[in-house]
Amino acid sequence: MEEINVDLHSDTQTRPSPGMREAMAQAPVGDEQRGEDPSVNKLCEMAAELTGKESAVFMPSGTMCNQASVLVHCQPGDEIIADKTSHLINSESGGAAALAGVQIKPINGKRGIFTAEQAEEAVNMRKRNIPRTRMIEIEQTSNAGGGSIWPLERIQEVAEIAKKFGLIMHMDGARMLNAAVASNVTAADFAKSFDSLWVDLSKGLGCPVGAVLCGSSDFIENVWSWKMRLGGAMRQSGIVAAAGVYALENNVSRLADDHTLAKRFADNISNIAGIQLWPVETNLVFFNVKETGLTAKIFHERLLERGVRIGIKDKYEMRAVTHLDVDSAEIAQAADAVAQVAAAA
Ligand SMILES: *Cc1c(COP(=O)(O)O)cnc(C)c1O
């Protein structure tokens, strides 16, 4: 494989910084399962405070946060409303069906974001032969929507529908802090309409692993049972939780830098013949390469030959992600590479 100089494949590509590694090395630890790990406890307190929720639990991954939430909130045979592009539907190996026995009604949103009217239309009538609608799930920001932000008002409108029909509101907040920083809305304000939500530590926040799931004390107690059952309860996990503490203290407001670089990258490639950009709201830059005559796969390979890695989203769609391990010189290099590949096509 070619040497990669610029990796825009994903914000999961970050390596723990020296400061983060130092915090991990110094972390006080104990037995997490017994509630005795001070670093894990600190992380959970910080996450609960950040989101304005009663309680929080440290989880090995965002996927486990989604799955445990579905398992706690839903009964087998229930139905969830989620956008058709959601991670819950497309990227969790069918977990909601396999683990919770739940089905999901996909909504045809715009760039991952649906309206209150669409949510209301998707709620099933109560009848013995019709699945019970139980929960509305939204993804902040929408990953497959190109990092699009659910505006606070839209969330509140959807939450009104949830209230009207007695539905649970759950947020996949893998990149919720990107949305908060980009739109100047506090995490707690975004979180307010939700019964449960989680934030990923291993994306833009730069941690090696982990996510924190937040909600009421009752909800978190029930999640703990699933964390045990699924084998997600850990021991001296303060070593990794300390990275999360460090990230919440140091890596949140700097997400704005990732957004600035994403916009700059988009600007730099916007005039290249054959490239069609999606709107850029946060750290994800999607572009279509169809008019260059190349597929995304070939485009990806030709970029790799130039030391630049950019993800393939679809047959003709590419996905570039900025994160704390890329700087402006690398962004310029990546944009040049895109221009070269397009020109040579
Ligand atoms: C990455 C991601 C997840 C899963 O998180 P992991 O920590 O990788 O399990 C879920 N939802 C969205 C939107 C994501 O981007």
Side-chain angles (χ1 to χ4, degrees), residues 8-16 43 47 56-71 80 82-96 98-100 104 106-107 109 111-114 135-150 155 170-180 182 187 190-191 194 196-214 223 226-227 230-232 234 237 240-241 243-244 247-248 251 255 258-259 262 281-286 311-313 319-324:
L8 302 180
H9 183 254
S10 175
D11 44 9
T12 56
Q13 298 306 304
T14 57
R15 302 289 186 273
L43 173 65
V57 55
F58 183 46
M59 299 288 266
S61 70
T63 301
M64 201 184 279
C65 291
N66 270 345
Q67 292 304 321
S69 300
V70 170
L71 284 159
I80 295 172
D83 189 80
K84 66 181 188 300
T85 63
S86 62
H87 195 280
L88 183 64
I89 294 181
N90 299 290
S91 305
E92 302 187 8
S93 303
L99 301 174
I104 309 175
I107 306 300
R111 298 180 62 226
I113 295 166
F114 49 83
M135 173 171 134
I136 300 178
E137 191 251 14
I138 77 136
E139 200 175 289
Q140 180 73 303
T141 63
S142 166
N143 182 350
S148 48
I149 299 171
W150 275 81
I155 289 174
H170 172 73
M171 183 202 284
D172 169 341
R175 297 186 181 79
M176 188 265 277
L177 293 175
N178 291 83
F190 272 137
F194 294 89
S196 53
L197 81 156
W198 58 272
V199 171
D200 220 328
L201 300 169
S202 68
K203 301 273 166 78
L205 292 182
C207 299
V209 285
V212 233
L213 175 57
C214 309
V223 168
W226 279 108
K227 179 171 147 94
L230 296 170
M234 298 174 277
S237 49
V240 270
L248 290 181
N251 291 350
L255 290 170
D258 298 344
H259 304 160
E281 296 182 45
T282 50
N283 66 326
L284 272 52
V285 183
F286 284 19
I312 303 163
K313 181 185 176 275
R319 172 182 183 264
V321 187
T322 57
H323 51 76
L324 85 181

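We count ligands from 1, going down the list as the structure has it; atoms in each ligand are counted the same way. All values below were derived from every heavy atom in this structure, side-chain atoms included, with hydrogens, water molecules and symmetry-related copies excluded.
- Residue A96 comes nearest to I104 through the heavy atom pair CB-CD1, 3.9 Å, listed as atom of the first residue, atom of the second, then distance.
- Panel note: side chain D83, backbone G109; a donor-acceptor pair is recorded below 3.5 Å.
- Contact atoms of ligand 1 toward R175: 15 (O) (distance under 4.0 Å to a heavy atom of the residue).
- A salt bridge is defined here as a Lys NZ or Arg NE, NH1 or NH2 lying under 4.0 Å from an Asp or Glu carboxylate O, and R111 with E281 meets this definition.
- Atoms of ligand 1 lying under 4.0 Å from at least one heavy atom of D200, given by number and element, are 1 (C), 5 (O), 6 (P), 7 (O).
- At a 4.0 Å heavy-atom cut-off, ligand 1 touches T63 through backbone and side chain alike.
- Remark: ligand 1 and N143 share an N or O pair separated by less than 3.5 Å (distance only, no angle test).
- Looking at S61 against ligand 1, both its backbone and its side chain come within 4.0 Å, counting heavy atoms.
- In summary, the atoms of ligand 1 found under 4.0 Å from a heavy atom of E139, numbered by their order in the structure, are 13 (C).
- Ligand 1 lies out of reach of M64, whose nearest heavy atom is not under 4.0 Å from it.
- Residue-to-ligand polar distances place D172 within reach of ligand 1: an N/O pair is separated by less than 3.5 Å.
- The shortest heavy-atom contact between D172 and H87 is OD2-CB, 3.8 Å.
- Here the closest heavy-atom approach between residue K227 and residue F58 is recorded as NZ-O, 2.6 Å.
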